[in-house]
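Per chain, numbering begins at 1; letters A, B, ... match sequence-line order.
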2 protein chains.
Amino acid sequence: MTATPHLIGLDWGTSSLRAQLFDAQGAVLETRSRPWGIMHVPDGDFAAAYRALVGDWREAQPDLPAIACGMVGSRGGWHEVPYADCPADVHSLAAGLLRLDTGCGDLHLVPGVMQRGALPNVLRGEETQVFGALELEPDLAAEALLVLPGTHSKWVRVRDGRLTDFATYMTGELFAVLREHSILGRPAAEAGPEASAEAFRLGLTTARDAGAEGLFGRLFTARSRVLAGELGAAHSLDYLSGLLIGEELRSQVAALAGATCPPLVLIGDAALCQRYRDALALFDIHQVRLLEQATRAGLWRLAQAAGLLPTSGGSHA
Amino acid sequence: MTATPHLIGLDWGTSSLRAQLFDAQGAVLETRSRPWGIMHVPDGDFAAAYRALVGDWREAQPDLPAIACGMVGSRGGWHEVPYADCPADVHSLAAGLLRLDTGCGDLHLVPGVMQRGALPNVLRGEETQVFGALELEPDLAAEALLVLPGTHSKWVRVRDGRLTDFATYMTGELFAVLREHSILGRPAAEAGPEASAEAFRLGLTTARDAGAEGLFGRLFTARSRVLAGELGAAHSLDYLSGLLIGEELRSQVAALAGATCPPLVLIGDAALCQRYRDALALFDIHQVRLLEQATRAGLWRLAQAAGLLPTSGGSHA
């Protein structure tokens, strides 16, 4: 078997566009990326951006299949893909792929997932990471809690190979808007922000110890502790980060209601995942795995489930 | 007794400056206001602003006492006044007045209050409303819970005539920054916001029913309910307002831990207080008083306690 390309996989999110060329075994032959998230596509021309990034791959192999996940399939993306229902598995997601004629070959867009019921919820992009994680660590399929921290952190439950339900915490976005636009960001803006593991920990324990009252009545401590002289202005952002991540964890631990935590996996940026792992230790959760590269594994798995890949042994060369 | 001025009282906050001229009984003879909150004082010249607003009153009666409460006494105001300690009463506040030579007579600045301990907290301006409320409704002095909703809502406990402790909720500021700067504000910005009592109620009950998990994992429903087609984009801001006020109330009810709620008084803007009263009803709290004009009563009471007023029967005329 030579290193013949078998699939183009795109991770096209809010802030960036990444393309990967897969070989017959799902290993990555080449990666390219551009800062062309869906809000930053040059001239808003998705087709031109797509052609600019992968046009030469397509010309070399016109029938190479292509798949894309992420916000490219949202209303503000290239083309809206209806959400798959929750619970979802690889087959329901594969069945929900939307085939888009790009003018440069077909591109299959992965659907997001909607949880209906009393508290509707949505995700888009994370479904691919979830099934990528199950591909990389098959023992998780029986039962797992997958945590994808970020702008909107997702806590995803998996049972019997299905994505059964999930929660959203706007942790990263809240941190950013409070830092930039609220009174809580001012002390650090004036003093110049400095990292402080101690301030981060104090924020975590302050949120953890709020109990059923929750963080809301303690958020202002990111300012009042500075005024009281017990938190350095420069460290107040790490304290705020600790408050918000701490509230996310406190809420999820409360949701467990005393039940044992299922195997827990952090997926995403290594530094951010390490931050969450440190935080989880303060909540007495020590058995935590970290996973990277879940998206590429998920794109491969979904393309496979959708029958996009050439049958075993076939080649486009 | 003629209507001779006895006191100038200023409420000088973040967004506005209000001056009142009191008669010998503490009734208001005249009111003036300017949009000269401490962030918007013309040329940052507090003395000139003061002179422009009350200079003629001072010229007519050069020894007329003057008192001011609010953010004018903060670090970013005219002159910083050290916080009084918690618990505080009218006498400790009166003792903490800072006498400022304005170049146009003395002005006495009321100190804010700092709560020290494990969770430090501060207020500035609300202390005057609190003791004004006790002046207006003396039966509250024994025990009361005073709620001052706004940018930073304060929940203040009074016992035996003393301000014993308080909590801060950044409800108004959070609403503003989420509306202006987060993804939660977008649907209404695009559709054009419309009031909806029903959406407000749905937000309140969604927060109320979160239990110990708290609002954080439900905040995103201000978007996901729109995506799921069950909340109108135009109504999503009232829903968000309900979520935030609901979390404030849920947290305070949790803090009661089953104890009976003390007599509860809402102080401030009538429309906002009515919104809170409606919200409290959904938490089965129905005995709620509304109070306006607490600041002017508090300025009068503090001036009296500080011995600034001419002795009984005296007159400056």
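Options Q252(A), Q115(A), E247(A), R75(A) differ in how many heavy-atom pairs under 4.5 Å they form with chain B, and the most are formed by E247(A). When each of A228(A), G214(A), A257(A) is checked for heavy-atom pairs under 4.5 Å with chain B, A228(A) comes out on top. Chosen from R250(B), H181(B), R218(B), the residue pairing most often with chain A at heavy-atom distances under 4.5 Å is H181(B). For the set T221(A), L215(A), L174(A), the count of heavy-atom pairs under 4.5 angstrom toward chain B peaks at L174(A).
Contact annotation for R116(B): neither backbone nor side-chain heavy atoms come within less than 4.5 Å of a heavy atom of chain A. E180(A) does not touch chain B: none of its heavy atoms, backbone or side chain, sits under 4.5 Å away. For A167(B), no part sits under 4.5 Å from any heavy atom of chain A, backbone or side chain. Interface residue M114(A): only side-chain heavy atoms are found under 4.5 Å from chain B.
Using a cut-off of 4.0 Å between Lys/Arg side-chain N and Asp/Glu carboxylate O, R275(B) and D238(B) are scored as salt-bridged. A salt bridge is defined here as a Lys NZ or Arg NE, NH1 or NH2 lying under 4.0 Å from an Asp or Glu carboxylate O, and R157(B) with E143(B) meets this definition.
Side-chain contact, T206(A) with R225(A): a donor N or O sits under 3.5 Å from an acceptor N or O. Side-chain atoms of E173(A) and H152(A) form a donor-acceptor pair, as typed in the model, at a separation below 3.5 Å.
The closest donor-acceptor contact from the side chain of S224(A) to the backbone of P120(B) lies under 3.5 Å.
Counting only residues at least two apart or in different chains, ring-ring contact (aromatic ring centres under 6.0 Å, His included) contacts with residues 232-252 of chain B are absent.
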